[in-house]
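Read through the structure below, which is laid out as structure tokens, and then see the notes.
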Amino acid sequence: LFKMGYFYNIEVDRKRVGSGFHLNYRVVEKPSIAEMEFEGNSELSDDELREAVGIKVYEIIDIAAIQTSIEKMQKLYEEKGYFLARIRYEIIDLKKNDTIKLRYKIEENDKVKVKKITILGNEHIPDSDLTSKMVIQEEGFFSFISSSGQYRQDGFDRDVQVIRLIYYNNGYVQVKVSRPQVYISPDKKSIFITIRVEEGIQYNVGRVDFSGDLLFPIDELNESVNIKDSEIFAYDVLQADLSRLQAKYGDLGYAYANIIPRTQIKEKEKIVDITFEIDKGNKVYFGQFNVIGNTKTRDKVVRRELHIREGELYHETRKRESIGNVKRLGYFAEEAFNQKAAEDSPEIMDIDIQVKERNTGSIQVGAGYGSFSGFIFNGRVQQSNLFGRGQKLSLTINQSKNEQVFNLSFTEPYFWDTEWSVGGDVYHMIQKSTLYDETKTGGALRLGHPLAPYLRGFIRYKNDVTKISPNDDFDDTILDESTAEGRTSSVTFTLEYDKRNDRWAPSEGVYANASIEYAALGGEKEFTEGFLNGRYFQELFWGIVWRNNLTYSFISAPEGKEPPFNELYRLGGANTLRGYRWFSIGESKYSQKRERDIVIGGKQQIYYNLEFQFPLIKEAGILGVTFFDAGNAFDDLEADLYKSNFGFGIRWFSPIGPLRFEWGFPINREDDQSPSQFQFSIGSPF
């Protein structure tokens, strides 16, 4: 009866009746919780605390449960940086022995920040190399909006492992790292952390050997490991070697091959001998593949990216390629391949493909004002996973008093469930200026197919009509109307290489694109245009991603002719040179009628974007970025014509897509240029 938890006290009276006993139980019931309130909390809301305590109104009071709820709230406050928060409870009778009010009295105190982290005993590895990888960081300039400087009790154990791993990777295999000691300042606002290290001696790699189930020649196994080439023993190299050996055996169907690196430390020689002990286990076949968590995306959109099939022999490399393909879709914030043995068949492996969907739509918006164009609005709506089918649809609209652009694009990446991709574009553009009005209407069809791993080829046919209406200020001495007016009938050949880990928000990988357009298939406009683009992404440390984008284009015309002036290149704006106004950079010519230089654009363009993107508030998807842009649009490659700028910005992965707020500052600007430009858009720059 006591274990039921309903009673404060139970007494039993026994009275003899005939040959037996009459038992009478007298109980004192515990009251129920009629009300629950929180007092003194300002940093955490009542709802947050109520969810943490796990106690509901109308439950029977349980002191042990109340103590547990206080521990849960205490931990929640610690996660928010309020390490010194104090919580106690108070019970108030509402109706004696029937109902009570449970009140939590909270003293939040100030948020505690880590003021200093001291490492003692590290003679060979600098403090910065150790502290930079730790979860707990010292208070910094951006601590007010980031997690730096936040004290977390549960981060200690991980930091000890991090420091130990750094030493392992530098050959100190007998290092000892003490649990961090914490000192609180007298004002209880700062924490000082001390970690003691006994480094030991540094070990080199000795003999490397293999034993057990050797399905490959020793020489071939040696070629698969790099630890033998390392002078200093490095734990991360050893782990990479295990992964490669696992893949070799996994490609033969041995999914559960157990490879154990047996190490023998020889203190006198200061070396570590390694023997890879291999137990191949049994061959395994793929069973059922289940896609889980995709509320929008259809199963087949994920399944068609797999290089493995149900029922076939297990293959580790193709499984890893399949994981990479699903990640590169860019449709999911998280992906995991959870494998398990079938209930009645241990030789069968089922795989649950667990995904967490992200918003695959984006909206890019830009606005500006110029003395010539007036107010300008640039908008783009894009959906890269239309109706969960993996189809791509985008609509671009630019609107001002002098320009109207409409572009609708659609792509089916797997036409009729084949590897052929099919797409099309429809567009209409009206552009007005003091020199001429231009109207362009047309469309295009696209066809693509994979040529090799990560490489696709495309062919595109375009047909549109351009009409030029000269105005009073049209200067035919610098603009040839005949080159820009008429029908364009062209074909474009494109090669695209994509090995990014995520098409939406890449942090690793390479992307390259090369195309050539030939416009001389019966139309009045004749030209040849080439395009090259390369992008490189690398995560450095602390979540900082090094992002690079290099673009080059050229346009030429048949001998004796000039390229259409409306196809020339102009730079500036959120996606090229962010320190300059939209389309304000390019080849210019002096107009007698306007008595000033006008930007008409160049026959070549080249620009480079360098970015360092770093987390500010990781949990909220808020990132910071610093950038450098350089380039120009000109007729000849002359170094002194390049424009450049630097800047910084904030990005937020919001429900409607990545929001970009960026400030660019031109370098060596001219007198008529603004000292800074603010760019706002929604969508990734590259």
Review point. Is it true that the side chains of Tyr168 and Asp236 contain a donor and an acceptor less than 3.5 Å apart?
Key: no
Practice item. Evaluate the side-chain proximity of Leu94 to Ile100: yes if any heavy-atom separation is below 4.5 Å, no if none is. Key: no
Review point. Hey, are the side chains of Val381 and Gln383 touching, using non-hydrogen atoms and a 4.5 Å cut-off?
Key: no
**Study point:** Pair Glu108-Asn41, side chain to side chain contact (heavy atoms under 4.5 Å, CB included): steps then yes or no
**Key:** CA-CA 7 Å; Glu108 293 179 330; Asn41 56 304; 3.7 Å; yes
Point to revise | Criterion side chain to side chain contact (heavy atoms under 4.5 Å, CB included) on Val326 and Tyr331, from CA distance to verdict | key: CA-CA 8 Å; Val326 174; Tyr331 302 159; over 6 Å; no
Practice item. Tell me, with the steps shown, if Arg651 and Glu662 meet salt bridge (charged side-chain N to carboxylate O under 4.0 Å, His left out). Key: CA-CA 8 Å; Arg651 293 173 182 169; Glu662 295 166 343; 2.8 Å; yes
Review point. Does Lys296 come within less than 4.0 Å of Glu357, counting only side-chain N to carboxylate O?
Key: no
**Study point:** Pair Tyr414, Glu305: side-chain N/O donor-acceptor within cut-off below 3.5 Å
**Key:** yes
Check your understanding: Do any N or O atoms from the side chain of Ser322 and from the backbone of His307 form a donor-acceptor pair under 3.5 angstrom?
Key -> yes
Check your understanding: Do Asn549 and Arg547 meet the criterion of a side-chain donor-acceptor pair at a distance under 3.5 Å?
Key -> no
Check your understanding: Does any N or O in the side chain of Asp629 come within less than 3.5 Å of the main-chain N or O of Arg578, such that one atom is a donor and the other an acceptor?
Key -> yes
Review point. CZ of Phe387: more than 12 outside heavy atoms within 6.0 angstrom?
Key: no
Check your understanding: Taking only residues at least two apart or on different chains, which pairs with a member in residues 51-70 satisfy side-chain hydrogen bond (donor to acceptor under 3.5 Å, both in side chains)?
Key -> Ser69-Tyr104
Check your understanding: Does NZ or CZ of Arg303 fall inside the cone over Phe289's six-membered ring, less than 6.0 Å from its centre and within 45° of the axis?
Key -> no
**Study point:** Under-4.0 Å salt bridge between Arg103 and Glu35
**Key:** no
Check your understanding: Can you tell me if CZ on Arg304 sees more than 12 non-hydrogen neighbours from other groups inside 6.0 Å?
Key -> yes
Exercise for review: Give a yes or no on whether the backbone of Asp98 and the side-chain of Glu29 come within a donor-acceptor separation of less than 3.5 Å.
Suggested key: no
Check your understanding: Is the number of heavy atoms from other residues, nucleotides or ligands within 6.0 Å of CD (Glu37) greater than 12?
Key -> yes
Practice item. Could you label the plane-to-plane angle of the Trp546 and Phe612 rings as parallel, tilted or perpendicular, counting under 30° as parallel and over 60° as perpendicular? Key: parallel
Exercise for review: Determine yes or no for a side-chain-to-main-chain donor-acceptor pair under 3.5 angstrom, with Asp127 supplying the side chain and Thr118 the backbone.
Suggested key: no
Review point. Considering residues at least two apart in sequence or located in another chain, which fulfil the side-chain hydrogen bond (donor to acceptor under 3.5 Å, both in side chains) criterion with Tyr89?
Key: none
**Study point:** Distance in Å, Leu623 CG paired with Ile617 CD1, rounded so as to fall on 0.5 Å steps
**Key:** 10.5 Å
Review point. Do the side-chain N and O atoms of Asn385 and Arg358 include a donor-acceptor pair separated by under 3.5 angstrom?
Key: no
**Study point:** Trace of the side chain to side chain contact (heavy atoms under 4.5 Å, CB included) decision for Arg500 with Arg535
**Key:** CA-CA 9 Å; Arg500 296 170 292 180; Arg535 306 172 190 175; 3.9 Å; yes
Review point. Taking everything shown except Phe2 itself, do over 12 heavy atoms lie less than 6.0 Å from its CZ?
Key: yes
Exercise for review: Consider only side-chain N and O atoms of Glu199 and Tyr167, and report whether a donor and an acceptor are under 3.5 Å apart.
Suggested key: yes
Review point. Is Lys105 atom NZ crowded by more than 12 heavy atoms from other residues, nucleotides or ligands, each under 6.0 Å away?
Key: yes
Practice item. Please check if the distance between the ring centroids of Phe628 and Phe646 is under 6.0 Å. Key: no
Practice item. Inspect the contact between Lys327 and Glu508 and indicate whether a charged nitrogen and a carboxylate oxygen are less than 4.0 angstrom apart. Key: no
Practice item. From the options Asn169, Leu130, Val175, select the one residue that forms a side chain to side chain contact (heavy atoms under 4.5 Å, CB included) with Ile125. Key: Leu130
Review point. Are the side chain of Ser45 and the backbone N or O of Glu48 linked by a donor-acceptor pair below 3.5 Å?
Key: yes
**Study point:** Side-chain H-bond candidate by donor/acceptor type, Ser507 with Asn501, under 3.5 Å
**Key:** yes
Exercise for review: Answer yes or no: is there a donor N or O on one side and an acceptor on the other, between the side chain of Tyr580 and the main chain of Ser644, under 3.5 Å?
Suggested key: yes
Study note, to complete from the structure: In short, Met349 meets Ala255 closest at the heavy-atom pair CE-CB, 3.6 Å
Point to revise | Arg86 with Glu107: basic N within carboxylate O range, under 4.0 Å | key: no
Exercise for review: Go through the steps to decide whether Leu44 and Tyr82 satisfy the test side chain to side chain contact (heavy atoms under 4.5 Å, CB included), and finish with yes or no.
Suggested key: CA-CA 11 Å; Leu44 294 179; Tyr82 294 89; over 6 Å; no
